[in-house]
Amino acid sequence: MQPRSVTVFQGESAPAFMAPAPENNLPQMRDPEEDLLCIAKTFSYLRESGWYWGSITASEAKQHLQKMPEGTFLVRDSTHPSYLFTLSVKTNRGPTNVRIEYADSKFRLDSNCLSKPRILAFPDVVSLIQHYVMSCTVENKNEAPYPPPSPLSPVQKEMVAAAVHLKLIRPLSRKDSVPSLQHLCRLQINKSTGEGDQLPLPRRMGYYLKQYPFQL
């Protein structure tokens with residue numbers, strides 16, 4: 001998997017990037033209720049997931065991920081006042097943290113200002129995480145032997161050495177949040193079909209599926 005252009009940090013002291021507002025455009029008024037509903041839905045999904053760790057610190061996340069395989073991840077509350085959530089993941093260089101940015105009712109991985117327009121945005125955090133997990137799964141399946149690469153220039157070698165390969169493979173569930181048999185069955189149904197609402201199920205079971213329409 002190619003390195004992602006995201007802002008990686010070990011603590012949470014780095015200031016958020018603020019793009020200057022265009023002088024000619026008046027700020028658009030947003031309905032605060034829309035943001036509240038979006039954030040509330042995300043919290044609901046995260047609590048159902050089992051791999052949302054709440055208000056643990058960066059050092060605690062590092063301790064939990066330190067001995068895990070590369071690609072193991074969790075989501076926690078951000079300690080930075082400008083962000084709601086942080087993705088903590090075990091990379092090829094050890095546990096790393098990537099903030100999750102929220103703007104205009106969308107969530108995306110925090111990135112530098114140059115790559116920000118290319119970073120995908122999602123309506124909730126679980127959709128964001130699932131997208132990158134599925135991307136890694138597809139890339140791993142499509143891996144094939146390649147001819148030996150051409151020699152790299154000194155600048156290219158330096159860039160490769162500095163890159164952090166961000167892979168999301170498996171979530172780390174909380175030890176005090178063992179998934180129920182119902183939830184495991186729900187995940188299996190979601191993996192088997194993308195149209196759970198079309199299944200001939202009792203209304204109560206259909207509602208249970210809608211509460212968490214994800215595969216991880």
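Below, all heavy atoms of this structure are taken into account, side chains as well, without hydrogens, waters or symmetry copies. Remember, it's a predicted structure, so these values are computed and weren't measured experimentally.
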Subject >> Validation row: L87, F73 side chains within 4.5 angstrom (heavy atoms) >> reply: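 Heavy-atom side-chain distance check passes, below 4.5 Å.
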
**OP:** Could you tell me the separation between the CD1 atom of I100 and the CZ atom of R108, rounded to the nearest 0.5 Å?
**Re:**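 Spacing of CD1 (I100) from CZ (R108) equals 12.5 Å.
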
Original post:
CZ/R170 to CG/L216 distance, rounded to the nearest 0.5 angstrom?
Top reply: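 If I round to the nearest 0.5 Å, the distance is 12.5 Å.
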
Subject >> Pair K90 + E70: basic N to acidic O under 4.0 Å >> reply: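 No salt bridge links K90 with E70.
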
Subject >> Side-chain ion pair, D104 and K106, N-O less than 4.0 Å >> reply: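 Salt bridge flag = no for K106 with D104.
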
Original post:
So R76 and S55, side-chain hydrogen bond (donor to acceptor under 3.5 Å, both in side chains) or not? Walk me through it.
Top reply: CA-CA 6 Å; R76 59 185 177 84; S55 59; over 6 Å; no

**OP:** Scan side-chain atoms only and decide if Y52 and D77 contain a donor-acceptor pair under the 3.5 Å cut-off.
**Re:**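 Yes, D77 and Y52 have a side-chain donor paired with an acceptor closer than 3.5 Å.
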
Judged by atom type as modelled, is there a donor-acceptor pair below 3.5 Å linking the side chain of [X] to the main-chain atoms of [Y]?
| X | Y | value |
| --- | --- | --- |
| S135 | H131 | yes |
| D110 | E101 | no |
| S49 | L46 | yes |

Subject >> F122, Y45, Y132, Y102 screened by ring-ring contact (aromatic ring centres under 6.0 Å, His included) with F107, the one that passes >> reply: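 That would be Y102.
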
Subject >> W53 six-ring centre to R174 NZ/CZ under 6.0 Å and within 45° of normal >> reply: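 Flagged: R174 positioned over aromatic ring of W53.
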
**OP:** Might you work through the side-chain hydrogen bond (donor to acceptor under 3.5 Å, both in side chains) test for T86 and N97, ending with a clear yes or no?
**Re:** CA-CA 7 Å; T86 292; N97 301 289; over 6 Å; no

